[in-house]
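Some notes on the structure that comes next.
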Amino acid sequence: MVELKNVSKTFGKKEARVEALRGIDLSIREGELVAIMGKSGSGKSTLLNILGGMMSMDNGEYWYDGKTVNFRSQRELTKFRRNEVGFVVQYFALADDLNIFQNVALPLKYQGYSRKKIKEMVMEALRELEIEDKAKAYPSELSGGQQQRAAIARAVVKQPRLLLADEPTGNLDEATGEAVQEIFHKLNKNGKTIIIVTHDAKVAKHCERIIHLKDGMVSDDGLGRDAYEEEVFV
Amino acid sequence: MQRIRFMAEEFFRSFQKSLFKNILLMLMFSISLLMAIIMCSYYVGLGERYETTTQKVDGREWYPLDLMTESGQEVSNQFTTVGRCRDMVDYYETLKSLEEAPILSIHTSQSVGLKEEDVKKFFGEKDVLPFTSGGEVNVAEVPFWDGDTYLTRSMKGAQVDLGAYRYFGLGTQEGEGFTEENMTIQRDGDPIPLLLGSDYKGIIEVGAIIDVNFEMCAYHCKVVGILEKGSKLPVQGYMELGEVQYLDNRIIFPFGVRLLEDPKRAQQMERYAWNAYMALQSGIAQTKVEHIRELVETYGQIADQFGYPPVQIIGTSLGLDLLRRESAAKIRILLILTVVLLCFSFYGLSVTFYDKIQSNSKNYGIYLMNGCSLSMILVPCLLEIAVILFPAVVIGRYVLPAAAVSYFRAGPIMQAVYIMIGAAFLVGAASLVYLMRGVDTEHLIRQRD
Ligand SMILES: Nc1ncnc2c1ncn2[C@@H]1O[C@H](COP(=O)(O)OP(=O)(O)O)[C@@H](O)[C@H]1O
Ligand SMILES: [Mg+2]
């Protein structure tokens, strides 16, 4: 479903130049649950942002469902983000001046659902993530875990085929992290393709496949359990 | 529907957030637009009156003058001393003799009061009706000299100054026409020249001495000539309409009688002041279009010199008309103020929206991340700019032309309004697009974290 070919990305110029990604080749099939691991600064977020159509790349190709994603066309990129991807980032990215209901409703509004349908779908997602009582609350009134649940609710509410999560448990305590992890697992069971960037070996452990990044390159791409063992003892 | 709702909500939230700033911007744009238009109008003749108020003759524009509309009272109230009356006479003489804009005075349907006893004497059994103005009901007790009242009949009349007499090629079949000499009298009481239309032949003789009452003043007059048969003048001097006034049954009274010696009493002098005043009121300034602003300024200076309000030139641009009482220096300061305010308005708009976008960048990033399109973010911003500019449009569209009296040409003013508003909108839109374009969505979200 997702295929990257020789993708590279650099930030900054001259001395400040950072090669975040250096020729990434990657292929992910529909329904996979993939973890991307690697040291801080290895290019995980950059990779995920490119996969989500949130960041342009310098070189390489991004094939999605057998078609290239055209990063030059704002219109196509918007469509891609609107219809294909759900995105969860480490710092939640909830709009402060919208309440939880409004935040979760955002993607549906862009898709042009009716008001009634939006209400139904949002409440359903909130219920699934067990924060339906917080619909009217504002992000600042929620705990980190609740905020992340809201962010996940927003990512899944429109039923995207591809779910991308950048360190979804990074800001959460262990128990909450576990719960969030459970949610992803459940979603994957229901057929969603999920790519999770994580530091957390416990998170990665649940994944069938773990891709390791090192200095902007794929250093290892293998089965979850093996990778998990490695990570723990290094 | 939901997309429109989203944009509407974005717009309201954003507008509310910077309500005070937005109101300030609205005010600034309204005021600066108003000032800019008046300044444009003043300096480059934007929104001149309709062509029909002026006419072009021999390469010069003929502008009707007006001294009465707003200031009738304040002018004639001052004719209470010999000095002020003399000032009015000199005011008129000075304006009239401006080389760059000579003044013709012409009035084609005045009415001239003759004592009923004189009418009886001259007409005898002859029918007086064709010569009277206003039909039968035109005989009344009217004050003449020093409060003496006489039964007076209103006769058809017309009034021209020497310039108009010559310009329109009037001539006499008997006696002489208006001349420098007969228009100049030594002292009050010396007879003022009067011309008669051709039909008066055999009714009143050349050389006859008559008292006439004219514009509530009595004058001692002498008939100096009888006009050629069929003499005519364009109505109020306005040739382009093609309407003419035949003078055959009219009494022609002069504008611009020059009195050399001041009389002792103001009452004696007052009629000459009125004569000068009416000459200005019925005057037409002939000038080149490109000199009109200088002329307005010159009129202002001359008015100050004599302590009378400036003569209004009908047919100038809105700005010239509104500011005709202000000094040139003041107007220059106004111009500078306008430019400064205009710059501030544009600057304020840019800064406000730059700020707005900077502080909203995280939200924009979140919207984009969730599938919002760039245009759904831009539209509310543009709408906000449009709303900020809206009062200025209203003022430009409705208030300004209304304040400018209907006979100004609103078209060019409106074009100027639209150009200015369009420019402001484009500046806003361009800076928005510039700020938003090519930025990584992910980068936007991170801006404030
Ligand atoms: N917007 C940016 N501007 C400049 N450098 C960046 C930017 N984003 C990431 N980088 C750099 O690119 C490299 C990879 O970053 P990132 O993908 O965030 O790594 P990770 O998520 O694995 O910690 C890092 O060295 C980081 O400093
Ligand atoms: Mg990262």
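Reckoned from all heavy atoms, side chains included, excluding hydrogens, waters and symmetry mates. Residue numbers start from 1 in every chain, and the chains themselves are labelled A, B, ... in the order their sequence lines are given, proteins ahead of strands.
- Within the 4.5 angstrom heavy-atom criterion, only side-chain atoms of A:I118, from C-beta onward, approach chain B.
- Heavy atoms closer than 4.5 Å to chain B are found nowhere in A:S45, neither backbone nor side chain.
- A 4.5 Å side-chain heavy-atom check between B:F15 and B:L383 finds every atom pair outside the cut-off.
- Side-chain N or O atoms of A:Q147 include one that pairs as donor or acceptor with a backbone N or O of A:L142 at under 3.5 Å.
- Under a 3.5 Å cut-off, the side chain of A:K44 and the backbone N or O of A:K39 do form a donor-acceptor pair.
- The aromatic rings of B:Y364 and B:Y367 sit tilted relative to each other, their planes meeting at an angle between 30° and 60°.
- Using a 4.5 Å cut-off between heavy atoms, A:Y113 contacts chain B through its backbone alone, with no side-chain atom that close.
- Among A:T78, A:L106, A:L98, the residue making the largest number of heavy-atom pairs under 4.5 Å with chain B is A:T78.
- In this structure the side chain of A:L164 never reaches within 4.5 angstrom of the side chain of A:V88, judged on heavy atoms.
- Proximity to chain B (any heavy atom under 4.5 Å) is shown, for A:E84, by neither the backbone nor the side chain.
- A:Y62 contributes atom OH, which lies 13.5 Å from atom NZ of A:K5 (distance to the nearest 0.5 angstrom).
- Of the residues A:L51, A:V218, A:L21, the one that meets the side chain to side chain contact (heavy atoms under 4.5 Å, CB included) test with A:L4 is A:L51.
- Here the NZ-CD distance, from A:K186 to A:Q181, works out to 13.0 Å after rounding to the nearest 0.5 Å.
- To the nearest 0.5 Å, atom CG of residue A:N99 and atom CD of residue A:E141 are 9.0 Å apart.
- No side-chain heavy atom of A:N59 sits less than 4.5 Å from a side-chain heavy atom of A:V7.
- Identified by a heavy-atom distance below 4.5 Å to chain A, contributing residues of residues 18-28 of chain B are lacking entirely.
- In this structure, the separation between CD1 on A:I131 and CD on A:Q148 is 10.0 Å, given to the nearest 0.5 Å.
- Considering NZ of A:K158 and CE of A:M121, their distance stands at 10.5 Å, rounded to 0.5 Å.
- Proximity of A:L26 to A:V2: side-chain heavy atoms (C-beta onward) are nowhere separated by under 4.5 Å.
- Contact count versus chain B (heavy atoms, under 4.5 Å) is highest, among A:Q102, A:Q111, A:R75, A:R82, for A:R82.
- Contacts between residues 327-339 of chain B and chain A, counted as heavy-atom pairs separated by less than 4.5 Å, involve no residue at all.
- Contacts between A:K79 and chain B at a heavy-atom distance below 4.5 Å are absent for every atom of the residue.
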